[in-house]
Every structure is written in C-alpha cells, then in structure tokens.
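What follows is a short report on a single structure.
All residue numbers in this chain count up from 1 along the given sequence.
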Amino acid sequence: MYVGKQNAGETWKDMTGNRSDQVVINQDGWGNFYVNGGSVSVYVQQ
C-alpha cells in the first residue's frame with residue numbers, strides 16, 4: 001500500500017495484535033501490509 005514518500009524508512013505495526021510482523025516503508029513510500037484471512041488489522045507508525 002502506498003503511504004507516501006514522506007513516510008520512507010518508518011516502521012509500522014498492527015495494533016490489533018493479529019499480526020506480529022512489522023512493515024518498513026520503502027524509499028518510494030510503499031509497504032506490504034498483511035492481514036489474516038477473515039480478520040482485520042490496523043497498522044500505525046511505531
């Protein structure tokens with residue numbers, strides 16, 4: 001998902017606890033935000 005180049009290098013985590021992996025935003029402002037099937041996740045900047 002695109003979150004903007006201004007967020008490059010940031011680490012985001014799922015506040016629901018459904019996912020333990022962290023997302024690092026790349027230099028172009030993109031990150032891979034995963035969600036378990038049949039579930040929801042809410043990612044926020046760490």
Residue pairs involving residues 18-27 (criterion salt bridge (charged side-chain N to carboxylate O under 4.0 Å, His left out); sequence neighbours excluded) =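 Every pair satisfying salt bridge (charged side-chain N to carboxylate O under 4.0 Å, His left out) with a residue in residues 18-27: Arg19-Asp21.
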note = Separation between NZ (Lys13) and CD (Gln46), nearest 0.5 Å, reads 5.0 Å
Check residues 23-31 and write down every donor-acceptor pair under 3.5 Å in which the side-chain atom is one partner and the other belongs to a residue at least two apart or another chain.
from  : atom 1 : to    : atom 2 : distance (Å)
Asn26 : OD1    : Asp28 : N      : 2.9
Asn26 : OD1    : Gly29 : N      : 3.1
Asn26 : OD1    : Trp30 : N      : 3.0

message = With clusters defined by side-chain heavy atoms of hydrophobic residues (ILVMFWY) lying less than 4.5 Å apart, directly or transitively, does Val3 cluster with Tyr34?
response = yes
task = Kindly write out the residues that satisfy ring-ring contact (aromatic ring centres under 6.0 Å, His included) with Phe33, not counting sequence neighbours, or none if the list is empty.
result = Trp12, Tyr43
ask   = Asn36 and Asn18: which non-hydrogen atoms are nearest, and at how many Å?
value = ND2-O, 2.9 Å
ask   = Got a sec, which residues hit side chain to side chain contact (heavy atoms under 4.5 Å, CB included) with Ser20, two or more places apart in sequence or on another chain?
value =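 Not a single residue meets the side chain to side chain contact (heavy atoms under 4.5 Å, CB included) criterion with Ser20.
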ask   = Can you name the residues that form a side chain to side chain donor-acceptor pair (under 3.5 Å) with Ser41, not counting sequence neighbours?
value =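 Partners of Ser41 under the side chain to side chain donor-acceptor pair (under 3.5 Å) test: Asp14.
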